[in-house]
J.: 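Take this structure first; my questions come after.
Protein chains get the first letters and strands the later ones, always in sequence-line order, with residue 1 at the start of each. Everything numeric in this text was worked out from a predicted model, so none of it was measured.
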2 protein chains.
Amino acid sequence: MTFFTEQPVTAADTTFFQLRKDIVEGDIVAGSKLSETQLSTKYEVSRAVIREAINRLEASNLVERKANVGARVVSLSPQGLIELYQVREALEGMGARLAAKNMSADEIADLQQLLDSHSKKVESGESYYQEAGDVDFHYRIILGSKNQHLISTLIDGIYHLVRMYRVQLGMAGPRVTTAFDEHKHVVRAIANRDAELAEMLMRRHITYSMKNIETKL
Amino acid sequence: MTFFTEQPVTAADTTFFQLRKDIVEGDIVAGSKLSETQLSTKYEVSRAVIREAINRLEASNLVERKANVGARVVSLSPQGLIELYQVREALEGMGARLAAKNMSADEIADLQQLLDSHSKKVESGESYYQEAGDVDFHYRIILGSKNQHLISTLIDGIYHLVRMYRVQLGMAGPRVTTAFDEHKHVVRAIANRDAELAEMLMRRHITYSMKNIETKL
DNA sequence: ATCACTTAAAGTGTCGACAATCTTGCTACT
DNA sequence: AGTAGCAAGATTGTCGACACTTTAAGTGAT
């Protein structure tokens with residue numbers, strides 16, 4: 001989150017980012033209809049750019065469109081969350097596996113440093129918004145895979161949906177205490193270039209995270 | 001391929017399908033530029049529908065767009081193929097795992113029957129286009145996962161890219177002889193409801209397939 | 001009162017024109 | 001001769017208007 005920022009250049013870009021934010025954060029209610037004309041006046045752009053933005057939201061799986069009918073924000077369901085985490089487990093597992101192969105020594109050192117700073121903040125009891133750290137951790141590993149498909153699928157697509165679920169189902173952040181250990185184990189496996197283990201640990205980390213969420217429903 | 005057909009309803013739909021076909025089959029050269037005005041006259045629709053079609057192609061990873069510059073068909077590279085197969089391995093592995101859990105007994109029986117008919121055709125030396133069968137096999141397992149994210153990611157996205165590589169790098173179909181055995185093993189694991197094994201075998205099947213392709217480059 | 005049909009209203013799909021941006025070739029200057 | 005700047009052309013981005021489809025209300029008949 002700290003390194004990589006999407007720069008809007010066209011009006012459709014800014015509208016897309018704005019709409020995505022409003023949907024993910026629940027300002028536009030899940031399951032609600034997206035009227036092109038209505039949004040057009042709200043965001044003060046033509047219907048053409050609204051349409052382009054909606055198309056991109058559909059490609060991000062945040063919105064569903066039916067021809068001649070319109071677009072609706074996806075509705076959240078426990079089943080949907082489970083399916084999402086299954087895909088995430090598969091992709092991030094592969095991400096960790098590839099990261100163990102492809103991350104540079106410097107990148108790994110940075111990653112370890114990041115974890116250290118996190119654990120210190122937590123130990124000192126410093127109130128600190130954990131989600132950002134968790135996101136940062138997962139981002140670095142995905143980026144470390146050096147696989148462009150993986151990167152864009154997760155970062156442009158799945159993570160926004162995950163965040164939408166987290167925000168709207170009111171789970172502030174992931175489990176703080178136990179997650180750190182899991183993160184550490186994953187990083188250690190990567191540092192040891194043990195791809196097999198890195199994948200397994202990352203998959204476990206994600207399934208644990210999902211089970212933790214399931215109990216809260 | 002026999003069961004599920006995408007029905008175009010708008011002009012943008014038909015244009016999208018047509019363009020995708022032309023790109024996947026190489027009628028539009030990989031790496032070439034997509035001029036909106038040019039395509040507009042070629043397909044006899046307005047630029048608006050061309051733009052929507054191109055947007056969808058971009059979402060399918062078949063096309064890359066730069067703001068104020070235009071869209072290009074993705075260019076094929078060995079690296080790109082490898083990355084694609086890595087993602088495919090992760091997703092289809094998970095697909096097989098879930099299929100072992102979620103396919104109905106009837107669906108499994110149908111799948112076994114499909115394999116039988118294939119092996120008979122091959123044994124009898126009947127010339128027969130193997131790719132369709134392979135695609136059918138993979139489709140059924142993915143659909144058997146019952147995971148909508150997985151299904152749409154693979155069927156609407158990755159498979160078209162895979163086909164593009166296959167067609168344009170001139171690999172008619174996958175390895176006929178050995179692939180059958182691998183298919184059988186996967187199905188047996190699914191029939192035994194052994195999710196773990198099904199995933200492992202499917203992943204191996206895909207990595208073998210990739211290595212087979214690599215030797216041909 | 002219910003159901004089928006008609007029709008008006010609202011919304012999406014498509015179009016052509018204008019505005020903004022990038023590209024290319026030329027000019028002028030060092 | 002090489003380079004920086006400029007101008008003309010071509011291409012993409014955005015807009016408002018029109019066409020078509022869906023939806024829903026309303027009318028009339030059984």
Side-chain angles (χ1 to χ4, degrees), chain A residues 5-23 27-75 152 156, chain B residues 5-23 27-75 152 156:
Chain A
T5 44
E6 297 167 305
Q7 268 277 353
V9 14
T10 76
D13 288 340
T14 38
T15 308
F16 168 60
F17 292 141
Q18 185 64 48
L19 259 175
R20 186 174 64 184
K21 180 168 179 281
D22 292 346
I23 289 174
D27 298 336
I28 298 179
V29 181
S32 65
K33 188 166 189 311
L34 294 177
S35 160
E36 294 181 0
T37 53
Q38 192 175 316
L39 294 173
S40 169
T41 61
K42 176 176 176 184
Y43 293 102
E44 298 180 329
V45 287
S46 80
R47 262 186 61 217
V49 343
I50 293 289
R51 278 177 70 81
E52 171 155 351
I54 288 181
N55 282 335
R56 290 200 223 167
L57 290 170
E58 190 191 12
S60 309
N61 291 112
L62 290 171
V63 155
E64 286 169 350
R65 261 183 70 191
K66 265 189 239 172
N68 288 313
V69 173
R72 309 191 78 85
V73 179
V74 296
S75 47
S152 66
D156 296 338
Chain B
T5 44
E6 296 166 307
Q7 269 277 351
V9 13
T10 76
D13 288 340
T14 39
T15 308
F16 168 59
F17 292 141
Q18 185 65 47
L19 260 174
R20 187 175 62 186
K21 179 167 179 281
D22 291 346
I23 289 174
D27 297 336
I28 297 179
V29 180
S32 65
K33 187 168 189 312
L34 293 178
S35 160
E36 294 181 0
T37 52
Q38 192 175 315
L39 293 174
S40 170
T41 61
K42 178 176 177 185
Y43 292 102
E44 299 180 327
V45 286
S46 81
R47 263 186 60 218
V49 342
I50 295 289
R51 277 177 71 81
E52 171 155 353
I54 289 181
N55 281 336
R56 290 200 223 167
L57 290 170
E58 190 192 11
S60 309
N61 292 112
L62 290 170
V63 154
E64 286 169 350
R65 261 183 73 190
K66 265 189 238 171
N68 289 313
V69 173
R72 309 192 78 84
V73 179
V74 296
S75 46
S152 67
D156 297 338

J.: Below 4.5 Å, heavy atoms only, C-beta onward: do Val73(A) and Val29(A) meet side chain to side chain?
T.: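 A side-chain contact under 4.5 Å is absent here.
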
J.: Using whole Å, report how far OH of Tyr43(B) lies from P of dT14(C).
T.: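 From Tyr43(B) OH to dT14(C) P: 16 Å.
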
J.: Checking Ile50(A) against Leu34(A) for the side chain to side chain contact (heavy atoms under 4.5 Å, CB included) test, could you report, in this order, the C-alpha distance in whole Å, the side-chain angles of both residues, the deciding distance, and whether it holds?
T.: CA-CA 10 Å; Ile50(A) 293 289; Leu34(A) 294 177; over 6 Å; no

J.: Specify the separation, in whole Å, of atom CD1 of Ile50(B) and atom C1' of dT14(C).
T.: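 One finds 12 Å between C1' of dT14(C) and CD1 of Ile50(B), rounded.
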
J.: Can a side chain N or O of Ser46(A) be found less than 4.0 Å away from OP1 or OP2 on dT14(D)?
T.: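 For Ser46(A), the contact criterion (side-chain N or O under 4.0 Å from OP1 or OP2 of dT14(D)) is not met.
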
J.: Test side chain to side chain contact (heavy atoms under 4.5 Å, CB included) on Asn61(A) and Val74(A); report intermediate values, then the result.
T.: CA-CA 8 Å; Asn61(A) 291 112; Val74(A) 296; 5.9 Å; no

J.: Closer than 4.0 Å, any side-chain N/O of Lys33(A) to the OP1 or OP2 of dT22(D)?
T.: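 Negative; the distance criterion is not met.
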
J.: Could you walk me through whether Val49(A) and Thr14(A) pass side chain to side chain contact (heavy atoms under 4.5 Å, CB included), step by step?
T.: CA-CA 10 Å; Val49(A) 343; Thr14(A) 38; over 6 Å; no

J.: I need the CD-P distance between Gln38(B) and dT11(D), as an integer number of Å.
T.: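 Rounded to the whole Å, the gap is 8 Å.
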
J.: To the nearest angstrom, how far is Ile54(A) atom CD1 from dG11(C) atom C1'?
T.: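 Going from Ile54(A) (CD1) to dG11(C) (C1'), I get 12 Å.
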
J.: Any side-chain heavy atom of Arg56(B) sitting closer than 4.5 Å to one from Glu58(A)?
T.: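 No, side chains not in contact.
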
J.: Expressed in angstrom and rounded to an integer, what is the separation of Arg72(B) atom CZ from dC22(C) atom C1'?
T.: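 Atom-to-atom, Arg72(B) to dC22(C), this comes out as 14 Å.
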
J.: In whole angstrom, what separates Glu58(A)'s CD from dT12(C)'s P?
T.: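 Value for this atom pair: 13 Å.
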
J.: Of the candidate nucleotides dT12(C), dG13(C), dG13(D), which contains the atom at the shortest distance from the side chain of Arg51(B)?
T.: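 Output: dG13(D).
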
J.: Tell me the closest heavy-atom pair linking Ala53(A) and Ala12(A), and the distance in Å.
T.: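 Looking at all heavy atoms of both residues, the shortest contact is CB-O, 4.4 Å.
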
J.: Please pick, from dG13(D), dG11(C), dC15(C), the nucleotide with the shortest atom-to-atom distance to any side-chain atom of Val45(B).
T.: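 Closest of the options to the side chain of Val45(B): dC15(C).
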
J.: Minimum heavy-atom separation for Val69(A) to Lys33(A), with atom names?
T.: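 In this case the closest contact between Val69(A) and Lys33(A) is O-NZ, 3.6 Å.
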
J.: Which residue lies toward the 5' end of DNA chain D, Glu44(A) or Ala71(B), if each is placed at its nearest nucleotide?
T.: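 Closer to the 5' end of DNA chain D: Ala71(B).
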
J.: Please state how far atom CG in Leu34(B) lies from atom P in dG13(D), giving the value in whole angstrom units.
T.: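 Taking atom P of dG13(D) as the reference, CG of Leu34(B) is at 13 Å.
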
J.: Can you identify which nucleotide, out of dT12(D), dT22(D), dG13(D), has its nearest atom closest to the Val69(A) side chain?
T.: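 Comparing dT12(D), dT22(D), dG13(D) against the side chain of Val69(A), the answer is dT22(D).
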
J.: Angle between the two end axes of the helix from dA1(C)-dT30(D) to dT30(C)-dA1(D), five base pairs per end, rounded to 10 degrees?
T.: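 Result, rounded to 10 degrees: 10°.
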
J.: Output the rounded distance in Å from CG (Asp13(A)) to P (dA20(C)).
T.: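 The distance from CG of Asp13(A) to P of dA20(C) comes to 18 Å, rounded to the nearest Å.
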
J.: Is the base of dG11(C) touched by the side chain of Arg47(A) through a donor-acceptor pair closer than 3.5 angstrom?
T.: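 No, no donor-acceptor pair under 3.5 Å.
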
